[in-house]
Amino acid sequence: MKMPAKAQPFLQALILSGLMSFLVTLIATWRAVGMIDGFAGTWLGIWALAWSVACPTAFLFGPSARRLSMALVRPPES
């Protein structure tokens, strides 16, 4: 079942914030503590906290980031 098109910006923010926080916390946790026993649990706990901040941030600042990026590029030529 597909969602309505108006849900796309919210889904994009949800997916992108999840993926980016997933990778960034993986690298940061690995650099901070190394591959210790219990690494996965430590990292997933950090990721859950990071995503809980990243997702609302993406919702709040996504439209502004979109407008800013559009102001920095030339419009497509017709």
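Small disclaimer: the values here were computed from a predicted structure and weren't measured.
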Heavy-atom check, side chain of Leu14 versus side chain of Cys55, under 4.5 Å: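 The answer is yes, as the side chains (C-beta and beyond) meet within the 4.5 Å cut-off.
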
Leu23 and Leu19, any side-chain heavy atoms less than 4.5 Å apart: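 When only atoms from C-beta onward are counted, Leu23 and Leu19 do not touch, as no gap falls below 4.5 Å.
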
More than 12 heavy atoms of other residues, nucleotides or ligands under 6.0 Å from [atom1] of [X]: yes or no?
X: Met35; atom1: CE; answer: yes
X: Phe39; atom1: CZ; answer: yes
X: Phe10; atom1: CZ; answer: no

With rounding to the nearest 0.5 angstrom, report the CD to CD1 distance, Gln8 to Ile15.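 Result: 9.0 Å between the selected atoms.
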
Measuring from Leu49:CG to Leu44:CG, what's the distance to the nearest 0.5 Å?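 That separation rounds to 12.5 Å.
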
Donor-acceptor pair, Trp47 side chain versus Gly18 backbone, under 3.5 Å?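 Side chain of Trp47 to backbone of Gly18: a pair is present.
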
Using modelled atom types and a 3.5 Å cut-off, is there a donor and acceptor pairing between side-chain atoms of Thr25 and backbone atoms of Phe22?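 Yes; at least one donor-acceptor contact below 3.5 Å.
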
Is there a path of hydrophobic side-chain contacts, each under 4.5 Å between heavy atoms of I, L, V, M, F, W or Y residues, that connects Leu26 with Ile36?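 Both belong to a single hydrophobic cluster.
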
Co-membership, hydrophobic cluster, residues Trp30 and Trp43, 4.5 Å side-chain: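 Yes; tracing contacts between hydrophobic side chains, which count when under 4.5 Å, links both residues.
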
Least distance between heavy atoms, Pro9 atom then Ala5 atom: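 Looks like CD-O, 4.1 Å.
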
